Amino acid sequence: MFTERIWKRVEPIWSSYLEHSFVKGLGDGTLSNEKFQHWLKQDYVYLIEYAKLMAIGSAKSRDLSTMSTFANLLHGTLFMEMDLHRKFAASYGISSDELEATDSAATNTAYTSYMLNHAQRGGAEHVVACLLACAWSYNFIGKSLAEKGGLSQSNPYHAWVETYSGEEFTDLTNDAIRLMDELTEGKPEAELAELEEIIVKTSYYEYMFWDMCENLETWNIPQE
Ligand SMILES: Cc1ncc(CN)c(N)n1
């Protein structure tokens with residue numbers, strides 16, 4: 001199975017996320033609220049672009065079952081995952097409109113542009129390759145933080161850990177993994193290598209996104 005090969009390739013990269021101070025702070029509750037709010041706003045506009053991947057995937061699907069999986073992932077992103085962001089924002093007095101008006105930071109823009117470029121140029125299998133690390137690595141982090149006590153009510157970010165380790169998000173992740181395997185069945189090595197490259201690059205972008213939030217980065221140029 002293609003995703004077994006992928007797991008071996010990305011596991012060291014994803015394990016490095018668990019050592020990142022932003023991720024550690026999410027799990028033990030020591031992350032500053034300023035940094036979390038930076039993630040919240042940047043991630044909201046990230047997810048708007050990310051959701052477009054699934055719409056593209058639906059349009060590129062060759063059968064109704066694949067189309068339904070993309071549509072379900074799209075629905076889960078807009079109405080389950082982004083609800084987490086809206087709830088956190090509301091608790092900080094930030095409206096959904098304010099979240100939506102966030103100016104996407106440099107790393108965020110590079111990441112979403114990379115995915116949308118590959119999704120538009122390729123087939124449905126390229127679209128799943130683009131979104132796989134995103135879904136799967138968050139589920140991996142959520143489960144790991146949950147095991148380490150991140151679900152404790154004393155953790156101000158326990159709802160984050162709950163969402164990404166929870167059944168609904170796990171089911172959506174497993175749908176994406178299953179789809180990746182279905183769409184790569186019987187594909188030649190050259191095509192698999194191309195898809196693997198996308199998954200590795202998006203895994204690097206995931207690390208850079210954590211770093212961007214840790215360092216409160218936007219567009220790091222001297223003030224105009
Ligand atoms: C940057 C990023 N990567 C992944 C996820 C999980 N969908 C997310 N919300 N944001």
Side-chain angles (χ1 to χ4, degrees), residues 6 10 13-14 16-18 20 22-23 26-27 31 35-57 69-70 72-89 96 99-100 102-116 118-119 127-146 150 157 159-177 179-180 198-218:
I6 289 302
V10 297
I13 308 171
W14 296 2
S16 74
Y17 306 160
L18 302 176
H20 196 285
F22 189 99
V23 175
L26 260 182
L31 179 69
K35 290 178 183 178
F36 185 69
Q37 284 198 26
H38 192 59
W39 173 83
L40 195 64
K41 290 178 183 167
Q42 287 299 322
D43 205 56
Y44 200 74
V45 289
Y46 167 89
L47 287 175
I48 293 171
E49 299 307 303
Y50 173 72
K52 291 176 190 169
L53 288 174
M54 295 140 197
I56 296 170
T69 303
F70 278 120
N72 200 35
L73 288 166
L74 174 58
H75 190 273
T77 303
L78 297 182
F79 299 104
M80 185 273 285
E81 189 175 357
M82 290 172 80
D83 229 33
L84 171 78
H85 296 59
R86 288 185 282 268
K87 281 187 184 138
F88 264 118
S96 312
L99 280 181
E100 198 174 334
T102 302
D103 182 34
S104 173
T107 299
N108 194 356
T109 305
Y111 186 5
T112 55
S113 302
Y114 174 86
M115 291 191 291
L116 285 166
H118 279 282
V127 182
V128 194
C130 287
L131 60 83
L132 192 70
C134 171
W136 196 358
S137 77
Y138 263 51
N139 192 225
F140 169 77
I141 293 170
K143 284 176 173 167
S144 168
L145 297 183
Y157 311 115
W160 191 103
V161 181
E162 244 161 57
T163 295
Y164 290 110
S165 65
E167 200 179 329
E168 220 176 334
F169 195 79
T170 300
D171 286 349
L172 290 170
T173 301
N174 288 337
D175 285 347
I177 294 171
L179 192 57
M180 186 80 272
I198 293 174
I199 299 166
V200 170
K201 287 278 161 61
T202 48
S203 296
Y204 292 158
Y205 270 123
E206 282 295 326
Y207 189 91
M208 290 161 67
F209 201 97
W210 294 122
D211 239 21
M212 173 191 88
C213 296
E214 172 68 23
N215 298 314
L216 298 170
E217 281 168 20
T218 52

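In this text the structure is predicted, and so the values were computed from the model without any measurement. Heavy atoms only: backbone and side chains are in, while hydrogens, waters and symmetry mates are out. Ligands are counted one by one from 1 in listed order, and the atoms in each one are counted from 1 as well.
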Novice: For ligand 1, find out whether one of its N or O atoms is nearer than 3.5 Å to an N or O atom of H85.
Specialist: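 No.
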Novice: Where on T77 is there a heavy atom closer than 4.0 Å to ligand 1, on the side chain, on the backbone, on both, or on neither?
Specialist: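 T77 to ligand 1: no contact under 4.0 Å from either part.
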Novice: Would you say ligand 1 has an N or O under 3.5 Å from any N or O of E81?
Specialist: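 It does: an N or O of E81 is found under 3.5 Å from an N or O of ligand 1.
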Novice: Is the centre of the W210 ring less than 6.0 Å from the centre of the Y207 ring?
Specialist: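 For W210 and Y207, the ring centres are not under 6.0 Å apart.
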Novice: Look at the aromatic rings of Y164 and W160 and report parallel, tilted or perpendicular, splitting at 30° and 60°.
Specialist: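 Ring orientation of Y164 relative to W160: tilted.
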Novice: Quick check on side-chain hydrogen bond (donor to acceptor under 3.5 Å, both in side chains): which of Y17, W14, Y138, Y111 does E206 satisfy it with?
Specialist: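 With E206 as partner, Y17, W14, Y138, Y111 yield a single side-chain hydrogen bond (donor to acceptor under 3.5 Å, both in side chains), made by Y111.
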Novice: To which protein heavy atom is atom 3 (N) of ligand 1 closest, and what is the distance rounded to 0.1 Å?
Specialist: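 The closest heavy atom on the protein side is E206 OE2, 2.7 Å.
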Novice: Do any N/O atoms on Y138 end up under 3.5 angstrom from N/O atoms on ligand 1?
Specialist: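 Checking ligand 1 against Y138, an N or O pair does fall under 3.5 Å apart.
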Novice: With heavy atoms of C134 as the reference, note each atom of ligand 1 found under 4.0 Å away.
Specialist: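 Those of ligand 1 that fall under 4.0 Å from C134 are 3 (N), 4 (C), 5 (C), 6 (C), 7 (N).
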Novice: Can you tell if the side chain of T163 reaches within under 4.5 Å of the side chain of M80, non-hydrogen atoms only?
Specialist: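 T163 reaches M80 side chain to side chain.
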Novice: Please could you name the atoms of ligand 1 that Y164 approaches to less than 4.0 Å, counting only its heavy atoms?
Specialist: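 Those atoms are 9 (N).
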Novice: Kindly confirm or rule out an N or O of D43 lying under 3.5 angstrom from an N or O of ligand 1.
Specialist: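 Yes: some nitrogen or oxygen of D43 is under 3.5 Å from one in ligand 1.
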Novice: Do T77 and Y50 touch side chain to side chain, with heavy atoms closer than 4.5 Å?
Specialist: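 Sidechains of Y50 and T77: in contact.
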Novice: Hey, are the side chains of F70 and L131 touching, using non-hydrogen atoms and a 4.5 Å cut-off?
Specialist: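 Yes, side chains in contact.
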